[in-house]
Amino acid sequence: MAPAKILKVSIVFGSVVLFLMSGTSFALQDGVARTPPMGWNSWNYFACNLITEDVVLMTAQAFVKKHPANWEGKQISMLDVGYKYVCIDDCWGKGTRTALGQLQINTIKFPHSIDNTFNWLSDSLHNMGLKFGIYTSNGTSTCQQTQPGSCSHEESDAAQFALWGVDFIKNDCCFSEGCNGGTPNQQLYVKMRDAVKKTGRPMVLSLCEYGKSSPWLWGDTVGHMWRTNYDITADWGSVLGRVDENTSRQLYRYAHPGAWNDPDMLEVGNGSLTLAENQSHFDLWCMQASPLLKGNDLSRMTEEVFTILSNREVIAVDQDSLGVQGRRVRQIGTTIDIYVKKMKSADTLLNRKFAVVLLNRTTGSLSGSVKWADFGELNPKAKYVVRDLWKHTNLDTAATDSVRATMAGHGTVHLLLTRVPPPVSALEIPVSINALSAQLESRTSALGIEIYIPASNSKVQIFNAQGEMIASFSTSHPSWYPVSDKLSLYGIYIVCVKTSSGFLAKELLLAR
Ligand code: GLA
């Protein structure tokens, strides 16, 4: 890891009042994909042979089509709930470049591209309020070998895409071993990143490298999202497999605004997935702050599938501006998984918001009680307002320490927990404690990262953005204390200090 530096957060926190900061980023810093991109990609359903201009237009119409009134009594469209990117995958081009090295569009599939541009199509999408995505590979050919890859043509391809009004590039890695004597994928992706930057057009860069060279370790400086695994298929084993891979590699540590783990396009509405499995698939993707690229035929989707894909309350979990990826905090035997995602809360440290998904891994339905204590990150003694994001109601559990849940086979329950704040008024915070909080600072010196603890005889606890305590130590006198050995990853940290006269807290942003 590159040497870390601490940026100071200027907000002063009182004895119990802590404002959480959002939008932290160490990614490309280009303002693109600050929340996981939402849209559609042609591959999962239309694959190579079926993708045509008509399919893209039909899909775009489906994006803006209003559906019958939902639970809020509103007629909404896919666009209304945030889906924007309409992305063509492999097989849009001809087999060769022009004499001048330009990619060529297959005009049998895309008849309005007779001028060898996608401008007619991208204008049509843009006029509907949508965005246009395209596909290439960093190797000598795309995966289906129907068109050349961008190897050694990064600048001219990126320029061509920018002229075509492209907003999203999926960059695969097929046949990269044949590119310039086997240039490593990471370097090829850097070339495309630089080429895109040169165009000056904001475009989402989606790295499709299947997790082969751990893109989560470097992807945030090269793209906005990176595939974590090989291709998904439309069956439960494949869906759950992608989630389990994410869990076992602890990939939640690498996601943040502008940089997302991508377990692949959604299969909701495809293949052999049952209704419960479709809902669970969607819940788990949202829990993981995954890009939400639908992969079904939107023009023939059932209303049940639309209801899943358009659930605003669940989408809000995915799109939460804090940008923290949820993670599995507990397994009850081998039957129930509990996932928790910390959400942005406009209020205080003590009024935190969490999304929780309970997943039934078995084929039979299950019901029972789950205690807050089982949720790992939640305070077992605190009271929470609990909202069921599929029933769209608040459960009457604020007075208890648990929730009762019933899940179909392979089904989920998705809850939003908002802590009921204790009756502490900001006015009760002693002025002297406020002044001390202001002095709680961090810096990078020859000794690495240091934190200034302003009070005597203090107990210091440092939490990461997931709410895990990652360091705890005592100090005897006000001084700078080195913490580099304790903070191994960049991210948001919350430093809490207990003194004889009260409690200080401050959020610190640790950047690379
Ligand atoms: C790879 C990718 C898929 C799709 C195909 C197209 O397999 O992982 O998502 O883009 O290529 O050929």
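Read the numbers this way: they start at 1 and go in the same order the structure lists the ligands and their atoms.
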One pair per line, please: each N/O atom of ligand 1 matched with every protein N/O atom under 3.5 Å away, atom names first, then the distance to 0.1 Å.
{"residue": "ligand 1", "atom": "7 (O)", "partner": "Asp231", "partner atom": "OD1", "Å": "3.4"}
{"residue": "ligand 1", "atom": "7 (O)", "partner": "Asp231", "partner atom": "OD2", "Å": "2.7"}
{"residue": "ligand 1", "atom": "8 (O)", "partner": "Arg227", "partner atom": "NH1", "Å": "3.2"}
{"residue": "ligand 1", "atom": "8 (O)", "partner": "Arg227", "partner atom": "NH2", "Å": "3.1"}
{"residue": "ligand 1", "atom": "8 (O)", "partner": "Asp231", "partner atom": "OD1", "Å": "2.5"}
{"residue": "ligand 1", "atom": "8 (O)", "partner": "Asp231", "partner atom": "OD2", "Å": "3.4"}
{"residue": "ligand 1", "atom": "9 (O)", "partner": "Lys170", "partner atom": "NZ", "Å": "2.8"}
{"residue": "ligand 1", "atom": "9 (O)", "partner": "Arg227", "partner atom": "NH1", "Å": "3.3"}
{"residue": "ligand 1", "atom": "10 (O)", "partner": "Asp89", "partner atom": "OD1", "Å": "2.6"}
{"residue": "ligand 1", "atom": "10 (O)", "partner": "Asp89", "partner atom": "OD2", "Å": "3.3"}
{"residue": "ligand 1", "atom": "10 (O)", "partner": "Lys170", "partner atom": "NZ", "Å": "3.0"}
{"residue": "ligand 1", "atom": "11 (O)", "partner": "Asp172", "partner atom": "OD2", "Å": "3.0"}
{"residue": "ligand 1", "atom": "12 (O)", "partner": "Asp90", "partner atom": "OD2", "Å": "2.8"}
{"residue": "ligand 1", "atom": "12 (O)", "partner": "Gln144", "partner atom": "NE2", "Å": "3.1"}

Say whether, by atom type as modelled, one donor and one acceptor occur between the side chain of Trp216 and the main chain of Arg249 under 3.5 angstrom. no
Do NZ/NE/NH1/NH2 and the carboxylate oxygens of Arg193 and Asp30 come within less than 4.0 Å? no
Looking at Cys208 and Cys173, are the sulfur gammas closer than 2.5 Å to each other? no
No-hydrogen, no-angle side-chain donor-acceptor test under 3.5 Å, Thr412 and Gln279: yes
Ionic contact status for Asp262 with Lys170, cut-off 4.0 Å: no
Does the side-chain contact (heavy atoms from CB on, under 4.5 Å) test come out yes or no for Gln61 and Met128, once each step is laid out? CA-CA 9 Å; Gln61 289 300 338; Met128 296 167 82; 3.8 Å; yes
